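I have placed the structure first, in the form of C-alpha cells, so that the comments after it can refer back to it.
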Amino acid sequence: MRRFTWFNATSLTLGFAFLYIPMIILIIYSFNASKLVTVWAGFSTRWYGELLQNEAFLSAAWVTIKVAVASSTIATVLGTMAAYILIRGGRFWGRTLFSGMIYAPLVMPEVITGLSLLLLFIGIGLDRGILTIVLAHTTFSMCFVSVVVSSRLVNFDRSLEEAALDLGCSPFEAFRLVTLPIIAPAVISGWLLAFTLSLDDLVIASFTAGPSATTLPIKIFSSIRLGVSPEINALSTILIVIVTIGVITASLVSKRASLRMQAEERAAVRN
Amino acid sequence: MRRLVLIAVPYLWLLALFLIPFLIVLKISLSDTALAIPPYTPTLDLGAGWAGVKAFFTGLDFENFWFLTTDELYWKAYLSSLQIALLSTIMTLMVGYPIAYGMAQARDEWRPTLMLLVILPFWTSFLIRVYAWMGILSREGLLNQFLLWTGVTNEPLTILNTDTAVYIGIVYTYLPFMVLPIYAALEKLDESLLEAAEDLGCSRASAFWLVTVPLSKSGIIAGCFLVFIPALGEFVIPSLLGGSQTLMIGKVLWEEFFNNRDWPVASAVAVILLLILIIPIILFQRNEQKQREAEG
C-alpha cells in the first residue's frame, strides 16, 4: 500500500535542497579569493591559511574543546545516575521534584538558564571562567543524557539484572557487569549529544563566561554580528566537515553493531 | 547507603545549579534597581539576625512587573514573540509534513539515508546554519543576484534584518525537530487501515485527510511544541537575521541585562516569559505521557 509518488519525490527533493543548499553555498564561498563574500573572484585557500594564523580563534577553539570534554564527561556520569534513579530507584522523598528538575532544563529558554546561572555565580562570588562554563554546560546537558539513557533503561529486560543479583552479584557488580554493557550505546550517544550541545552553545556560555575565557561560538558571534567574512566561512566549512564525518561514522558503527547483534541472536536461536 | 549517595549526587547538583539559581532570579525580579554592587536592593543581611530577614522581605515588591506593564516595549515584545513563534511553527509544519510523509513512503532501503540527511543538520552548529543565511539574504547576496538575473525584480530586495529573515531562519534551523517526530508517527502507521479506507470508497486524498493525518496527530503535536517552545525565547536568530525593529523577548532580556545592566527588570522579563511557557510545556508533557501510555 506504500506508494512513492511524484508528489513524495518532489517534496523530498525540495525539502533536502532547502536544508542543504545554504550550507553548500557557505562551503563554496569559503574558497573564494575575494574578501567580499558575495562576489566570486576565483578559487583560493587563502582564508584557511589566515584562519590557522588567527591566534584568537585558535585559543577560543581550545577553550571550547576543553569545556566540551569536561562538561560532557561529568554530564554523562550524572545523567546516567539520574536516569538509573528515575527508572530503577523506586520511591524516594522528592521524586516528583527530581524528575521535574530533569525535564525542565530541556524546555527552558537558554536566556533564562544563562541569566539564572550567572546570577548564582555572582551571588556566591565565583569568578567567571572555564569552571563556570563547565558547571553551566554540565547542568543542562546531564538532563539530555538522562533522557537518552532512561529511554534505553525502560526498554530492557529487568530479569537480567535480577538474575545477576540472584547469582550473588552485589547491586553495584550487577550494574557494572550487566546493566552498563546493555545501556552502553545509549550512554555513548548521550555523551556525544552532550559534547555537541556544549560545542554549539552560544547563549549560556555568553552569560557564564568571563573576560578570561572565550569560547568559539562567542568569538564567531561577535565577529559575524559585524557582517559576513570569508574567514568565518572557512571555519564553518571545517566544522561542517568534522560533524559530517563524525555522524556518518557513528551511524555506520551502530549499523554494524546491530547487524552483529542480529547475527548472534540468530545463532543463539539455532543452537 | 550507596543508594543514598546515588540519589543525592545528581539531586543536589540540580538543586544547586538549577532550582536555586531560578529562585535567585525570582528574588531579584522583586528587588529594586540600585547603583551598587550587586546592582539591586535589598540584599539579605543574615548578620543582622531576624531583623535583617524581616527588612529583606519588606523590601521586596512587584514594582518591576508594574513597570513591564506600563512600558509598551515589553508587552509588544511578548506579543510579537508569540506571533513570530506561532506563525513560524505553522510554516515549519507545512514545510516539514511533506518531507516526513515522503520519507515514510520511501522504500525501506532508502530510509536510513534519508534519516541521516535530516539528522545531519541537527548536529551541525546552530550558529553556522543561521550564518549561512546572512550571505544569502543580504542586499548583495545570492538570492538578490539570482532574482535580478532572472528579472523577477529590478531592484535588490531588503530581506536581511527584517522579520521575513527571522521566519526563514526559524523554519530552517528547527525543521529537523518537526520532521523527526512526524516521521516517527507516520512510520508506525498501520497501512491496512488505508487499504480499508479505500476499499470502503475513500479517494486517496480523503483517506489521507481522514486516516493518515489523524493518526500522525501525536507526532504533529510533539513537532509543533519542539519548534514553538524554543522559538519563543530565541535570541540568536532575531539578533543576527532580524532588524532593529524585530522585537523578540529573548533579545530584549539580553539587552536589558548586558546593555542596560538592569538586573531586576531582566529578571522580571525572564519570570514572565517562563509563566507564558508553562502552559505549552504542560500540554507538551501531557502529549508525551499519552503517547508513552499508548505504546506501553
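Values in this document were obtained by computation on a predicted structure and should not be read as measured data. Within every chain, numbering begins at 1; the chains are lettered A, B, ... in the order of the sequence lines, protein sequences first and strands thereafter.
Here the CE atom belonging to A:Met108 is positioned 9.5 Å from the CG atom belonging to B:Leu273, to the nearest 0.5 angstrom. Here the OG atom belonging to B:Ser125 is positioned 8.5 Å from the CG atom belonging to A:Leu199, to the nearest 0.5 angstrom. Atom CG in A:Leu117 sits 6.0 Å away from atom CG in B:Leu17 (nearest 0.5 Å).
For chain A, the nearby parts of B:Leu274 are the backbone and the side chain; heavy atoms of each come within less than 4.5 Å. For B:Val269, no part sits under 4.5 Å from any heavy atom of chain A, backbone or side chain. In this structure, chain B has heavy atoms under 4.5 Å from both the backbone and the side chain of A:Ser236. Looking at A:Thr113, there are no atoms closer than 4.5 Å to chain B (heavy atoms on both sides), in backbone or side chain. Using a 4.5 Å cut-off between heavy atoms, B:Trp13 touches chain A through its side chain atoms alone. Neither the backbone nor the side chain of B:Glu234 comes within less than 4.5 Å of any heavy atom of chain A. Residue A:Ile122 touches chain B through its side chain alone, counting heavy-atom pairs closer than 4.5 Å. Contact of A:Leu19 with chain B is made through backbone and side chain together, with heavy-atom distances under 4.5 Å. Contact annotation for A:Ile224: both backbone and side-chain heavy atoms come within less than 4.5 Å of a heavy atom of chain B. Contact annotation for A:Ser251: only side-chain heavy atoms (C-beta onward) come within less than 4.5 Å of a heavy atom of chain B. In this structure, chain B has heavy atoms under 4.5 Å from both the backbone and the side chain of A:Leu193. For B:Leu117, the parts lying near chain A are the backbone and the side chain together; criterion is any non-hydrogen pair under 4.5 Å. When heavy atoms are compared at a cutoff of 4.5 Å, A:Ile124 does not approach chain B at all. For a residue to count as touching a neighbouring chain, one of its non-hydrogen atoms must lie under 4.5 Å from one of that chain's; by this rule A:Ile85 touches chain B with the side chain only. With a 4.5 Å cut-off on non-hydrogen atoms, B:Pro121 touches chain A through its backbone and its side chain both. Neither the backbone nor the side chain of B:Met115 comes within less than 4.5 Å of any heavy atom in chain A. Heavy atoms closer than 4.5 Å to chain B are found in both the backbone and the side chain of A:Leu120. Proximity to chain A is limited to the backbone of B:Ala16, based on heavy atoms less than 4.5 angstrom apart. Residue A:Leu12 touches chain B through its side chain alone, counting heavy-atom pairs closer than 4.5 Å. Of the two parts of A:Tyr84, only the side chain, counted from C-beta on, holds a non-hydrogen atom closer than 4.5 Å to a non-hydrogen atom of chain B.
Residue B:Thr124 comes nearest to A:Ile240 through the heavy atom pair CG2-CG1, 3.7 Å, listed as atom of the first residue, atom of the second, then distance.
Note on B:Ile99, B:Ile128, B:Leu15, B:Leu114: by heavy-atom pairs under 4.5 Å with chain A, the leading option is B:Ile128. Per-residue counts of heavy-atom pairs under 4.5 Å with chain A were compared for B:Leu142, B:Leu253, B:Val25, B:Ile281; the largest is that of B:Leu142. By number of non-hydrogen pairs under 4.5 angstrom with chain A, the leading residue of B:Phe225, B:Trp254, B:Phe22 is B:Trp254. Considering only heavy-atom pairs separated by less than 4.5 Å from chain A, the leading option among B:Pro112, B:Gly233, B:Ala132, B:Ser138 is B:Ala132. For the options B:Gln145, B:Gln285, B:Arg129, heavy-atom pairs under 4.5 Å to chain A are most numerous at B:Gln145. No other option in A:Phe16, A:Tyr103, A:Phe121 has as many heavy-atom pairs under 4.5 Å with chain B as A:Phe16. Per-residue heavy-atom pair counts under 4.5 Å with chain A were compared for B:Phe126, B:Phe257, B:Phe235, and the maximum is reached by B:Phe257.
Taking 4.5 Å as the limit, every side-chain heavy atom of A:Phe4 sits out of range of all side-chain heavy atoms of B:Arg107. A 4.5 Å side-chain heavy-atom check between B:Tyr101 and A:Asn8 finds at least one atom pair inside the cut-off. For the pair B:Leu277 and A:Val107, the minimum side-chain heavy-atom distance is 4.5 Å or more.
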Show your working on side-chain contact (heavy atoms from CB on, under 4.5 Å) between B:Ser267 and A:Leu119 and close with a plain yes or no.
-> CA-CA 10 Å; B:Ser267 303; A:Leu119 294 175; 3.9 Å; yes

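Ring pair A:Phe18/B:Tyr172 is perpendicular by interplanar angle, where above 60° counts as perpendicular and below 30° as parallel. Classified by interplanar angle (parallel below 30°, tilted 30° to 60°, perpendicular above 60°), the ring pair B:Tyr11/A:Phe92 is perpendicular.
Aromatic rings of B:Phe258 and A:Phe207 (six-membered ring for Trp) have centroids within the 6.0 Å cut-off, being under it.
With sequence neighbours left out, B:Glu140 forms a salt bridge (Lys or Arg N to Asp or Glu O under 4.0 Å) with no residue at all.
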